[in-house]
Amino acid sequence: MTTLPETTLSLPASAALRLTDWGVIRAQGEDAVKFLHSQLTQDFALLGPDQARLAGFCSAKGRLLATLLGWREGEHDVLLALPAALLPAILKRLSMFVLRAKCKLSDASAEWAIWGEIAQPQDGARWALSREDGGGARIRLPDVASHSRWLRIQPAAAAAPALPTLNAQDWAWLEVHAGLAWVQAATQEQFVPQMLNLELLDGVNFKKGCYPGQEVVARSQYRGTLKRRTFLYELQGAAQAGQEIFHSEDPGQPAGLVALAAVRDDGRSLILAETKIAALESGSLHLGGPDGPRLQPRALPYELKSLE
């Protein structure tokens, strides 16, 4: 059987792309940090001014409603970046839990422009934050082998970064290749955080206090009940988040779900797909059905630890 050769990208040394499909929630008030600490999977109480936090917002059953990136914009002001399609529902749900806390939540998307940036490989830790002149921040994202990546958040009226424009397909490909599957509308409530490898990307703190779904998340971590992980694949054919994956030796039921996908003009897709760990032992995986395009495994940029 022919093996699909791995796609390589021809990228500029540095470039930027306006991410119009991202939005920003503002949490403001004396209890803003404390409130977010009680709702998200990461520790916001110890969030420093030079750090950002990757975090999940879970249902009571421990299923991810969203993945977010949060940082302090002031002593009592925290910003959360997330896919814009999820923002209204997440803002509404978070607001239900504010109750008597001194915290006001609002949609601040109109105030900020979000850019994705790439550069040649550089030293630095993921989620490190640097302040920008004129306001805003630049946050280090997980790298891929060929480039370092950042999320730049700047006031909406600020000038665009003085960089060449990055192709949207290339940014999407790098996003998937980095191994972080941001929750999409099609994948809400499908995964506990570890199914998306979120704790391997510093998105879960197991020492912090309770948050919605915390017992389920902790049980998956410490009792060895997790049988699924997210893996990286390439295939010939178009893919999208929410599509099912099937195994050749058990075609009657899905073996996984596409969590994030990037499609190129030549019809190839790179996907992050949550997959039964046992399905990797033999046979083959296919998109959409047992006769669909075959998935070719690719290496994740971090070590994948099984919790079986």
Side-chain angles (χ1 to χ4, degrees), residues 22-29 31-83 86-87 90-91 93-95 97-98 101 103 105 108 114 124-130 137-142 149-151 153 178-183 187-189 191-222 226 230 259-260 302 305 307:
W22 277 72
V24 178
I25 292 174
R26 182 191 301 278
Q28 191 170 35
D31 295 333
V33 171
K34 181 180 179 182
F35 171 72
L36 294 176
H37 185 81
S38 71
Q39 296 298 316
L40 305 179
T41 59
Q42 252 295 1
D43 186 327
F44 274 73
L46 299 177
L47 178 61
D50 59 349
Q51 301 171 320
R53 288 275 196 268
L54 173 66
F57 180 41
C58 297
S59 69
K61 295 182 179 180
R63 298 277 169 160
L64 283 165
L65 298 165
T67 39
L68 316 95
L69 189 58
W71 66 99
R72 288 180 182 265
E73 189 60 22
E75 183 180 0
H76 302 306
D77 200 350
V78 179
L79 298 181
L80 301 168
L82 71 161
L86 301 184
L87 192 151
I90 296 304
L91 178 59
R93 189 177 180 95
L94 276 172
S95 298
F97 298 103
V98 171
C103 176
L105 300 173
I114 300 181
R126 64 191 178 204
W127 316 128
L129 179 147
S130 57
R138 192 166 180 254
I139 300 168
R140 184 70 174 265
L141 297 173
R149 304 188 311 129
W150 287 266
L151 200 70
I153 302 91
L180 171 54
W182 300 99
V183 172
T187 60
Q188 281 188 303
E189 297 192 72
F191 315 113
V192 298
Q194 294 96 322
M195 289 180 183
L196 291 187
N197 309 336
L198 203 65
E199 87 288 8
L200 301 181
L201 292 159
D202 310 316
V204 183
N205 186 311
F206 294 103
K207 298 179 180 179
K208 69 180 293 273
C210 292
Y211 54 86
Q214 185 264 345
E215 290 186 3
V216 176
V217 177
R219 186 162 57 248
S220 297
Q221 186 73 15
Y222 296 118
L226 189 69
T230 289
L260 193 66
Y302 50 82
K305 301 174 183 177
L307 296 182

Judged by atom type as modelled, is there a donor-acceptor pair below 3.5 Å linking the side chain of Thr230 to the main-chain atoms of Met195?
-> yes

Residues, nucleotides or ligands: over 12 heavy atoms within 6.0 Å of Lys208 NZ | yes

Any side-chain heavy-atom pair of Gln39 and Tyr211 under 4.5 Å | no

Can any side-chain N or O of Ser220 pair as donor or acceptor with the backbone N or O of Val216 at less than 3.5 Å?
-> yes

Pair Phe35-Leu94, side chain to side chain contact (heavy atoms under 4.5 Å, CB included): steps then yes or no = CA-CA 10 Å; Phe35 171 72; Leu94 276 172; 4.3 Å; yes

What closest approach, in Å, do Leu87 and Val24 show between heavy atoms, and which atom pair accounts for it?
-> CD1-N, 3.4 Å

State, to 0.1 Å, how close Val217 and Cys58 come at their nearest heavy-atom pair, and which atoms those are.
-> CG2-SG, 4.5 Å

Which distance, rounded to the nearest 0.5 Å, do you find between the CD1 of Ile90 and the CZ of Arg93?
-> 7.5 Å

Considering only heavy atoms from C-beta outward, does the side chain of Asn197 approach that of Tyr302 to under 4.5 Å?
-> yes

Side chain of Arg72, backbone of Leu47: donor and acceptor closer than 3.5 Å?
-> yes

Rounded to the nearest 0.5 Å, how far does CG of Leu201 lie from CG of Leu141?
-> 11.0 Å

Distance, nearest 0.5 Å, that separates CD1 of Ile153 from CG of Leu79 | 8.0 Å

Of all the heavy-atom pairs spanning Ala45 and Val33, show the shortest one and how long it is.
-> CA-CG1, 3.9 Å

Heavy-atom pair with the smallest gap, counting every atom of Val98 and Cys103 = CG1-O, 3.3 Å

OG1/Thr67 to CZ/Phe57 distance, rounded to the nearest 0.5 angstrom?
-> 12.5 Å

Arg26 and Ala108 have their tightest heavy-atom pair at CB-CB, 4.0 Å

Run the numbers on Trp71 and Leu151 for side chain to side chain contact (heavy atoms under 4.5 Å, CB included), then give the verdict.
-> CA-CA 12 Å; Trp71 66 99; Leu151 200 70; 5.7 Å; no

Take Leu54 and Val204, measure what side chain to side chain contact (heavy atoms under 4.5 Å, CB included) needs, and give me the verdict at the end.
-> CA-CA 8 Å; Leu54 173 66; Val204 183; over 6 Å; no

Is it true that a side-chain atom of Gln42 and a backbone atom of Gly56 form a donor plus acceptor pair closer than 3.5 Å?
-> no

Atom CD in Glu189, atom CG in Leu65: separation rounded to 0.5 Å?
-> 5.0 Å

Report the distance from atom CG of Leu69 to atom CH2 of Trp182, rounding to the nearest 0.5 Å.
-> 5.0 Å

Which atom names give the shortest non-hydrogen contact between Gly70 and Phe44, and what distance separates them?
-> CA-CE2, 4.1 Å

Between Arg149 (side chain) and Pro142 (backbone), is there a donor-acceptor pair under 3.5 Å?
-> yes

Show your reasoning for whether side chain to side chain contact (heavy atoms under 4.5 Å, CB included) applies to His37 and Asp43.
-> CA-CA 6 Å; His37 185 81; Asp43 186 327; 3.3 Å; yes

Taking C-beta and beyond as the side chain, do Thr187 and Leu196 meet within less than 4.5 Å on heavy atoms?
-> no

